[in-house]
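One-based numbering, in listed order, for ligands and for the atoms of each. Nothing here was measured: the structure is a model prediction, and the numbers come from that model.
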Amino acid sequence: MERTLAILKPDCVSANKMGRVLDRIENAGFKIIGMKMVRLNAATAGKFYEVHKERPFYQDLVQFMSSDRCVALVLEKDNAVADFRKLIGATDPAEAEPGTIRREFATSKQNNIVHGSDSPENARIEIGFFFSERELVENA
Ligand code: UDP
Ligand code: MG
């Protein structure tokens with residue numbers, strides 16, 4: 001079974017879309033094995049997105065990600081990383097396939113509702129950013 005890290009971003013939480021997005025995730029066959037509400041400060045949000053620190057959108061992204069609560073999720077499924085990226089759709093909701101979570105719920109390229117790890121290796125790193133192994137229910 002593969003794992004991926006998802007984050008329900010501040011736009012999802014503050015607009016009360018968590019239930020609907022979680023419903024989509026569960027219905028797509030992902031098992032939620034870790035779940036945590038966090039309010040990231042700018043330093044922590046900046047560290048999570050450090051790979052983008054030279055990009056023009058970085059400062060706005062850090063501000064957005066620290067603007068309200070997030071919910072970090074560890075999801076388990078065969079092929080979880082690629083299947084979750086497919087479920088959420090392209091970064092820009094205008095380019096995301098119909099039926100994807102971002103196409104349905106996101107309001108802009110920045111405010112795009114949900115994060116998903118982009119490789120199994122990054123999934124391991126990102127899961128470790130938010131969770132210790134003993135917080136993941138199957139291993140408690
Ligand atoms: N982002 C943005 N403007 C851009 C590209 C990305 O605001 O031109 C934000 C957006 O919230 C995105 C995050 O930065 O989800 C990380 O960008 P990435 O390219 O890794 O997209 P993702 O992997 O989330 O689809
Ligand atoms: Mg990314």
Side-chain angles (χ1 to χ4, degrees):
M1 243 358 152
E2 192 170 82
R3 291 175 179 181
T4 192
L5 182 88
I7 304 174
L8 307 184
K9 295 186 178 184
D11 56 333
C12 182
V13 178
S14 62
N16 297 331
K17 294 174 178 172
M18 283 191 292
R20 277 175 290 162
V21 173
L22 286 169
D23 189 50
R24 295 289 303 271
I25 292 170
E26 290 182 321
N27 279 327
F30 292 89
K31 183 174 176 188
I32 299 172
I33 64 163
M35 188 172 192
K36 183 184 285 187
M37 182 172 273
V38 289
R39 175 74 189 263
L40 301 176
N41 61 30
T44 308
K47 180 102 181 99
F48 183 79
Y49 278 119
E50 201 165 31
V51 64
H52 293 310
K53 67 173 181 293
E54 305 302 335
R55 309 284 292 279
F57 59 82
Y58 179 70
Q59 289 301 333
D60 285 347
L61 174 62
V62 167
Q63 217 233 306
F64 163 59
M65 289 300 292
S66 56
S67 66
D68 201 340
R69 297 147 293 155
C70 290
V71 174
L73 302 166
V74 180
L75 305 176
E76 200 169 71
K77 184 184 180 298
D78 286 336
N79 207 32
V81 171
D83 283 0
F84 192 68
R85 295 287 299 197
K86 193 181 270 183
L87 179 67
I88 67 179
T91 307
D92 185 344
E95 290 167 13
E97 295 288 327
T100 60
I101 289 174
R102 282 169 165 171
R103 176 69 173 262
E104 191 168 333
F105 296 104
T107 55
S108 72
K109 191 171 186 180
Q110 175 186 266
N111 294 22
N112 61 2
I113 292 286
V114 65
H115 168 82
S117 305
D118 63 6
S119 68
E121 188 195 350
N122 282 336
R124 273 189 292 278
I125 294 166
E126 292 177 357
I127 288 167
F129 192 91
F130 287 100
F131 296 91
S132 66
E133 192 59 33
R134 58 185 292 278
E135 289 178 298
L136 304 178
V137 290
E138 292 197 331
N139 297 286

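Note on V38: it clusters hydrophobically with L61, by side-chain heavy-atom contacts below 4.5 Å among ILVMFWY residues.
Counting only heavy atoms from C-beta outward, the side chains of R69 and M18 never approach each other to under 4.5 Å. When side chains are defined from C-beta on, Y49 does not count as touching R55, because their heavy atoms never get closer than 4.5 Å. Contact of the N41 side chain with the S66 side chain is not registered, since no non-hydrogen atoms from C-beta on lie closer than 4.5 Å.
Nearest non-hydrogen protein atom to atom 4 (C) of ligand 1 is F57 CD2, 3.4 Å. Remark: minimum distance from atom 22 (P) of ligand 1 to any protein heavy atom is reached at T91 OG1, 3.5 Å. For atom 11 (O) of ligand 1, the closest non-hydrogen atom on the protein side is Q110 O, 2.8 Å. Of the protein's non-hydrogen atoms, the one nearest atom 17 (O) of ligand 1 is H52 NE2, 3.4 Å. Annotation: atom 9 (C) of ligand 1 to nearest protein heavy atom, L61 CD1, 3.8 Å. In terms of protein heavy-atom proximity, atom 10 (C) of ligand 1 is closest to K109 O, 3.3 Å.
Note on ring orientation: taking the six-membered ring where Trp is involved, the planes of F130 and F48 are tilted (angle from 30° to 60°).
Looking at E104 and R24, a side-chain N of the basic residue comes within less than 4.0 Å of a carboxylate O on the acidic one, giving a salt bridge.
Within the structure, ligand 1 has K9 among the residues with a heavy atom less than 4.0 angstrom away. Note on ligand 1: N112 sits in its first shell, one or more heavy atoms being nearer than 4.0 Å.
Taking every heavy atom of Y49 and a limit of under 4.0 angstrom, the matching atoms of ligand 1 come to 16 (C).
Enclosure of atom NZ in K47 is not indicated, since only 12 or fewer non-hydrogen atoms of other residues, nucleotides or ligands lie within 6.0 angstrom.
For ligand 1, one of its N or O atoms has an N or O atom of R102 under 3.5 Å away. Checking only distances, H115 never comes within under 3.5 Å of ligand 1, N or O to N or O. Distances between N or O atoms of R85 and those of ligand 1 include at least one value under 3.5 Å.
Between the side chains of N111 and K9, no donor-acceptor pair is found at a separation under 3.5 Å.
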